[in-house]
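Below is one structure, written out as structure tokens; the observations come after it.
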Amino acid sequence: MKNYLDKLFEKASLKLEYLKNRKAIFNVPNQKENGDISTNIAMILSKELKKNPRQIAEEIIANLETDSSFIDKTEIAGPGFINFFFKPDFTSNIIKEVLNEKDSFGKSDKYKNIKAMVEFVSANPTGPLTVGHGRNAVVGDTIANMLEWIGYNVDREYYFNNAGRQMRMLGESTKLRYLQLLGQNIDFPEDYYQGEYIKDIAAKLKEEYGDKLVNEPGDGIFKDVSEKEIFADIEKTMNRLNIKFDNYFNENSLYEDGRIKSLLNTFQERKVSYEKEGAVWLKLTDMGQEQDKVIVKSTGEPTYRLPDIAYHITKFERGYDLMVDLFGSDHNATYPDVKAGLRSLGYDDEKVKVVIHQFVTITEKGEIVKMSTRKANFITLDELIDEVGPDVVRYFFNMRGVTSHLNFDIALAKKHSDENPVFYLQYAHARISSILKMTDEQKLNLSTENLNLLVAPEEQDILKKLHAFREEVLYAGENFETHRIANYLEELAALFHKFYAQCRIIGSDKKLAEARIALIVAVQIAIRNGLKILGVTAPEKM
RNA sequence: GCGCCAGUAGCUCAAUUGGAUAGAGCAACAGCCUUCUAAGCUGUAGGUUAAUGGUUCGAGUCCAUUCUGGCGUACCA
């Protein structure tokens, strides 16, 4: 519907100067009396034209070549809204489109063949993924899905660091546990990694090597094996959520191939860095930041900013036109530095989009569980999947805006899992499969011959909703908002359940029945496609 | 102190980016299965959108100030 109106307005802009280079925004009014679609363009224009909005609206309508077989009525309402009422025939046309496009219904090619990368999770291999990582993982993967649906060519990447202080601590932690297993009475310091998984890794090492490793440094085999084991674990967890990365990028490779060094040189040559008190500083104040930041400590060790900038440069060099980074809110102070650094070298940092998601609060029995990987009093993502299943996990993380804190009550999620909205959607999908089985037995076949019979309000509401799907996916993708898809699907499923309660297929006149079959098949396709984007399964039976 | 995010029904969250009468789901109450899946549907109740002021035809949305919560604010990542 919006597409059709877009074209009408485009044509009208040839005649009305002020419509040029201005895209009318259409939306679906809350109240049905205000039409199927409405635009506020006349009111927006009234400011700059200094004319009465209703007058402008009249002028616009007069210049729209509306097809009376599509549009029933156009009216001006309120302060200057233009409301469009569509004919049922036009509305029901969407079914043919859906049936035709099937699995691709909802896709668009606005960003066709543009290279995009979504970088997410990017947790260092120091322990199992937490619920917080889960939100990052699910949202990141879903954003990647959405981008694919609107045309992008998407790569999923995981950036990690297997060097540095954290990893040394990991190796030391494993070594201490190993020595303990060998009977040595050693204190385990509080600031070491406390998790059980460290003991498991230590036990494996003991089993394989006996006491041969007592003189090995923590930084050697202990670190390497720990890293390998933990990474294997992380991948396993990601697999359970059906998340696969195209590439794992090791921060260390930036040192090995000399990128860090040459970046430092470039900064110096361009005079955007300087030395002070034995450290190298980046002149971020020139880039509009509040203060300059250290990129190489006086010890000679770079801070995270340097490799982060170098890493992002590789993204540009690899030809990505859109780079989405997904971080938890604890990183919200770091990315402006990285973007400013890129900018200082002439890269278009507008192409780097940073999505910050707020924390996940876990409550259990009403109490908030504070989480820290090191202290190991966290609930792992794996445990969460064990409790509620991958579909619920994916849906739960996707159903809320990333700017909101997510409250995940474990007990509640278990207790009310039957009433979780994800089941509501899946139920609609399964219900349709079930109906189709029955109608098949009744020798009723899908037909698009008499779609004009679909005039019941329940049917028209569904049809109008279907019209909005493609646009919804586009909007959600452009804004990296996964919850839009979830909201849309809940609304569509609700409309279907209402239809189900009100309109019967078996027992209706054959022509109507067969048109209704076309309708529900279309609904099923839309739900399935939406769930696919969210990474949730669409069961045939429940 | 400063920066980012949030504050909407008893609870968890939406609200097409400034639009028309702020919507769902839980929880509560009252109904609907001899008929395509009751994991469903229908109805009732629930709100000064944290507070105050401002911007305009129009504010939950934008601006200012204040209050509350989360995360930051390193030569940690």
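Just so it is clear: chains get the letters A, B, ... in the order the sequence lines come, proteins before strands, and each one is counted from 1.
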(message) Measuring only between side-chain heavy atoms, which start at C-beta, is S46(A) closer than 4.5 Å to K51(A)?
(response) no

(request) Determine the Euclidean distance between corresponding C1' atoms of A9(B) and A14(B); express it in Å to zero decimal places. (result) 13 Å

(message) If I pick the P atom on G18(B) and the same atom on C76(B), what distance separates them, to the nearest angstrom?
(response) 41 Å

(request) Between Q502(A) and A333(A), just flag the one whose closest nucleotide in RNA chain B comes earlier from the 5' side. (result) Q502(A)

(message) Could you tell me if H312(A) and D325(A) have a donor-acceptor pair between their side chains, going purely by distance under 3.5 Å?
(response) yes

(message) For a quick check under 3.5 Å, do Y274(A) and D292(A) share a side-chain donor-acceptor pair by atom type?
(response) yes

(request) Answer yes or no: does a side-chain N or O of T334(A) lie under 4.0 Å from OP1 or OP2 of U73(B)? (result) no

(message) When you measure from the side-chain N and O atoms of Y424(A) to the phosphate of C41(B), is any distance below 4.0 Å, counting only OP1 and OP2?
(response) yes

(message) What's the gap between U61(B) and A51(B) when it is taken at their P atoms, as a whole Å value?
(response) 10 Å

(message) Just the rounded figure in Å: distance from P of G70(B) to CZ of F327(A).
(response) 24 Å

(message) For the CG atom of L451(A) and the CG atom of L519(A), what is their distance to the nearest 0.5 Å?
(response) 8.5 Å

(request) Evaluate whether the aromatic ring of F81(A) and the six-membered ring of the A20(B) base sit under 5.5 Å apart, centre to centre, with an inclination under 30°. (result) yes

(message) Can you tell me if K297(A) touches the phosphate of C76(B), counting only side-chain N or O atoms and a distance under 4.0 Å to OP1 or OP2?
(response) yes

(message) Using a 4.0 Å heavy-atom cut-off, does T303(A) contact any base of the nucleic acid, only the sugar-phosphate backbone, or nothing at all?
(response) sugar-phosphate

(message) Can you tell me which nucleotide in A15(B), C5(B), U21(B) comes closest to the side chain of Q358(A)?
(response) C5(B)

(request) For the side chain of H483(A), starting at C-beta, report the closest nucleotide among A14(B), G70(B), G19(B). (result) A14(B)

(request) Looking only at side-chain atoms of R484(A), point me to the closest of G19(B), U16(B), G69(B). (result) U16(B)

(message) What I'd like to find out is whether the side chain of F469(A) reaches to under 4.5 Å of the side chain of L474(A), using heavy atoms alone.
(response) no

(message) Should the side chain of D330(A) and the base of G72(B) be counted as holding a donor-acceptor pair, with the cut-off at 3.5 Å?
(response) no

(request) Step through it carefully: locate the ring centre of F84(A), locate the ring centre of Y4(A), and say whether they are under 6.0 Å apart. (result) no

(message) Rounding to an integer number of angstrom, what distance separates U65(B) and G70(B) when you compare their P atoms?
(response) 22 Å

(request) Please check if the distance between the ring centroids of F231(A) and Y158(A) is under 6.0 Å. (result) yes

(request) Kindly say if K437(A) contacts the phosphate of C36(B), meaning a side-chain N or O under 4.0 Å from OP1 or OP2. (result) no

(message) For the residue pair Y18(A) / E59(A), report whether a side-chain donor-acceptor contact shorter than 3.5 Å exists.
(response) yes

(message) Whole angstroms only, please: what is the CG-C1' distance between L489(A) and A24(B)?
(response) 14 Å

(request) Please work out if N83(A) contacts a base, only the sugar-phosphate, or nothing of the nucleic acid, heavy-atom cut-off 4.0 Å. (result) base

(message) Check E514(A) with K510(A), please: is the shortest side-chain N to carboxylate O separation under 4.0 Å?
(response) yes

(message) Let's see if you can work this out: which of A77(B), C13(B), A39(B) has an atom nearest to the side-chain heavy atoms of F423(A)?
(response) A39(B)

(message) Any heavy-atom pair between the side chains of F160(A) and E251(A) that's under 4.5 Å?
(response) no

(message) Rounded to whole Å, how long is the line connecting atom CZ of F359(A) with atom C1' of G72(B)?
(response) 9 Å

(message) Tell me the interatomic distance from I505(A), atom CD1, to U37(B), atom P, rounded to whole angstroms.
(response) 10 Å

(message) I want to check one thing: is the phosphate of A6(B), taken as OP1 and OP2, less than 4.0 Å away from some side-chain N or O of T403(A)?
(response) yes

(request) Give a yes-or-no answer on whether the side chains of S433(A) and Q524(A) include a donor-acceptor pair shorter than 3.5 Å. (result) yes

(request) Ignoring hydrogens and angles, answer whether the base of C75(B) and the side-chain atoms of E301(A) contain a donor-acceptor pair closer than 3.5 Å. (result) no

(message) So, under a plain 3.5 Å distance rule, would you say the side chain of N27(A) forms a donor-acceptor pair with the base of A15(B)?
(response) no

(message) Let's see if you can work this out: which of C75(B), U21(B), U37(B) has an atom nearest to the side-chain heavy atoms of Q31(A)?
(response) U21(B)

(message) Using the P atom as the point on both nucleotides, what is the distance between A28(B) and G23(B), in whole Å?
(response) 24 Å

(message) Among C36(B), A14(B), A39(B), which nucleotide has an atom closest to any side-chain atom of M542(A)?
(response) A39(B)

(message) Looking only at the side chain of S404(A) (C-beta and beyond, no hydrogens), which of the listed nucleotides C36(B), C71(B), A14(B) gets closest?
(response) A14(B)

(request) Report the distance from atom CG of N162(A) to atom C1' of A77(B), rounded to the nearest whole Å. (result) 14 Å

(message) Please classify C32(B) as syn or anti, treating any glycosidic angle within 90° of 0 as syn.
(response) anti

(request) Would you kindly give the NE2-to-C1' distance between H133(A) and A77(B), to the nearest whole Å? (result) 11 Å

(message) Please give me every residue in residues 427-436 of chain A whose heavy atoms get under 4.0 Å of an atom in RNA chain B, ordered by residue number.
(response) Y427(A), A430(A), R431(A), S434(A), I435(A)

(request) Record whether the side chain of T299(A) comes under 3.5 Å of the base of C75(B) through a donor-acceptor pair of N or O atoms. (result) no

(request) Between S46(A) and N407(A), name the one whose nearest nucleotide on RNA chain B is closer to the 5' end. (result) N407(A)

(request) Determine the interatomic distance between C1' on G46(B) and the same-named atom on U12(B); round to the nearest Å. (result) 16 Å

(message) In whole Å, measure the gap between the P atoms of C75(B) and G7(B) for me.
(response) 33 Å

(request) Classify the nucleic acid contact of E481(A) as base, sugar-phosphate or nothing, counting any heavy atom under 4.0 Å across all strands shown. (result) base

(message) Tell me whether the side-chain N or O atoms of S38(A) pair up with the base of A20(B) as donor and acceptor below 3.5 Å, since no angle test is needed here.
(response) yes

(message) Please tell me if Y500(A) has a side-chain N or O lying less than 4.0 Å from either OP1 or OP2 of A38(B).
(response) yes

(message) Would you say NZ of K443(A) has more than 12 non-hydrogen atoms from neighbouring residues, nucleotides or ligands within 6.0 angstrom?
(response) no

(message) In whole Å, I'd like the distance from the NZ atom of K293(A) to the C1' atom of G3(B).
(response) 10 Å

(message) So, does N30(A) get its side chain near the phosphate of A20(B), meaning an N or O under 4.0 Å from OP1 or OP2?
(response) yes

(message) Counting Watson-Crick and G-U wobble pairs with both distances under 3.5 Å, what is the dot-bracket string for RNA chain B, 5' to 3', using [ ] for crossing pairs and | for pairs to another strand?
(response) (((((((..((((.....[...)))).(((((.......))))).....(((((..]....))))))))))))....

(message) Show, in sequence, the C-alpha distance, side-chain angles and deciding distance for N83(A) and S38(A), and conclude whether the side chain to side chain donor-acceptor pair (under 3.5 Å) test is met.
(response) CA-CA 4 Å; N83(A) 298 337; S38(A) 157; 3.1 Å; yes

(message) Taking the minimum atom-to-atom distance to the side chain of H405(A), which one of A77(B), G70(B), C2(B) wins?
(response) G70(B)

(message) Measuring only between side-chain heavy atoms, which start at C-beta, is W281(A) closer than 4.5 Å to V296(A)?
(response) no

(message) What's the gap between A30(B) and A45(B) when it is taken at their P atoms, as a whole Å value?
(response) 15 Å

(message) Distance check needed: U16(B) C1' versus F480(A) CZ, whole Å only.
(response) 17 Å

(message) Does a side-chain N or O of H497(A) approach OP1 or OP2 of U42(B) to a distance below 4.0 Å, or not?
(response) no

